[in-house]
Amino acid sequence: MSWTAPEQTRTDPPTVAGERAALEGWLDFHRSTLLGKCHGLTGEQLAQRAVPPSSLSLLGLVRHMTDVERAWFRIRSAGQTGLRFRYAADETSDADIDLAEPSGAEAALAAYREECELARAAMAGRSLDDTFFHDRYGRTLDLRWVYLHMIEEYARHNGHADLLRERIDGVTGY
């Protein structure tokens, strides 16, 4: 029997909460939604580019968000040095999406879960008012901005995941 992506219980965001709990709750909601879109699919299905001519796949989205988690929370916000992207490379910036292979699906989902945990740990105890300078944007950003950006990034990509999943096997919702 071939591997299939495990079931994911979606984490509902709080309906009444302080700013930090609300931001973390909505981010975790979107993280679990992405994994839920993968539930029950094989590596081949996860790597399927189901909406041609786009090269997007569910596996590519998981790999992309693994790198995005690492970049925004650990490299930029926490200033952890010596970290490189897991999937994107200088010579192939879209390798996270374009080089997603079925045989790497189980490892990629595990890496994604691990990166989310490492991001949570890196942000624990940090103030939403903590700042860092972003070279490409040429400005200072605070951690609050990062959380809002990550929620937006997930919302956009979870919309892509909805369409991909429906095209793969007809499953909607979650």
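Treat the numbers as computed from the prediction; the structure is a model and nothing was measured.
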- prompt: Between Arg113 and Gln8, do the side chains contain an N or O donor and an N or O acceptor separated by less than 3.5 Å?
  reply: yes

message: When you group the ILVMFWY residues by side-chain heavy-atom contacts below 4.5 Å and let the links chain together, are Leu83 and Phe132 in the same group?
response: no

field: Partners passing salt bridge (Lys or Arg N to Asp or Glu O under 4.0 Å) against Arg165 (at least two apart in sequence or in another chain)
entry: Asp169

query: How about Asn158 and Thr33: does a side-chain donor come under 3.5 Å of a side-chain acceptor?
result: no

- prompt: Passes side-chain hydrogen bond (donor to acceptor under 3.5 Å, both in side chains), Tyr154 versus Glu69? Steps please.
  reply: CA-CA 10 Å; Tyr154 271 105; Glu69 288 273 351; 2.6 Å; yes

task: Report the residues that fulfil side-chain contact (heavy atoms from CB on, under 4.5 Å) with His39, sequence neighbours left out, ordered by chain and then residue number.
output: Glu7

task: Tell me, with the steps shown, if Arg144 and Asp129 meet side chain to side chain contact (heavy atoms under 4.5 Å, CB included).
output: CA-CA 7 Å; Arg144 180 180 296 100; Asp129 294 323; 3.1 Å; yes

task: Considering only NZ, NE, NH1 and NH2 on the basic side and carboxylate oxygens on the acidic side, decide whether Arg70 and Asp67 come within less than 4.0 Å.
output: no

field: Within the 6.0 Å centroid threshold, strictly below: His134 and Trp145
entry: no

Distance-only side-chain donor-acceptor flag, His64 / Glu153, under 3.5 Å: yes

query: If you group Ile, Leu, Val, Met, Phe, Trp and Tyr by side-chain heavy-atom gaps below 4.5 Å, do Trp72 and Ile75 land in one group?
result: no

query: Would Leu56 and Leu163 show up in the same hydrophobic cluster when neighbours are defined by side-chain heavy atoms closer than 4.5 Å?
result: yes

- prompt: Hey, is CZ on Arg156 packed in by over 12 heavy atoms from elsewhere, all under 6.0 Å?
  reply: yes

- request: Specify whether Trp26 and His30 have parallel, tilted or perpendicular ring planes, treating 30° as the upper limit for parallel and 60° as the lower limit for perpendicular.
  value: tilted

message: Check this for me, if you would: do Arg120 and Asp28 make a salt bridge, where the nitrogen-to-carboxylate-oxygen distance has to be below 4.0 angstrom?
response: yes

message: Check Arg74 with Glu115, please: is the shortest side-chain N to carboxylate O separation under 4.0 Å?
response: yes

field: Ion pair check, Arg31 and Glu117, cut-off under 4.0 Å
entry: no

task: Considering non-hydrogen atoms only, spot the tightest contact between Arg63 and Ala108 and give its length.
output: CG-CB, 4.0 Å

- prompt: Taking the six-membered ring for Trp, are Tyr112 and Tyr87 ring centroids under 6.0 Å apart?
  reply: no

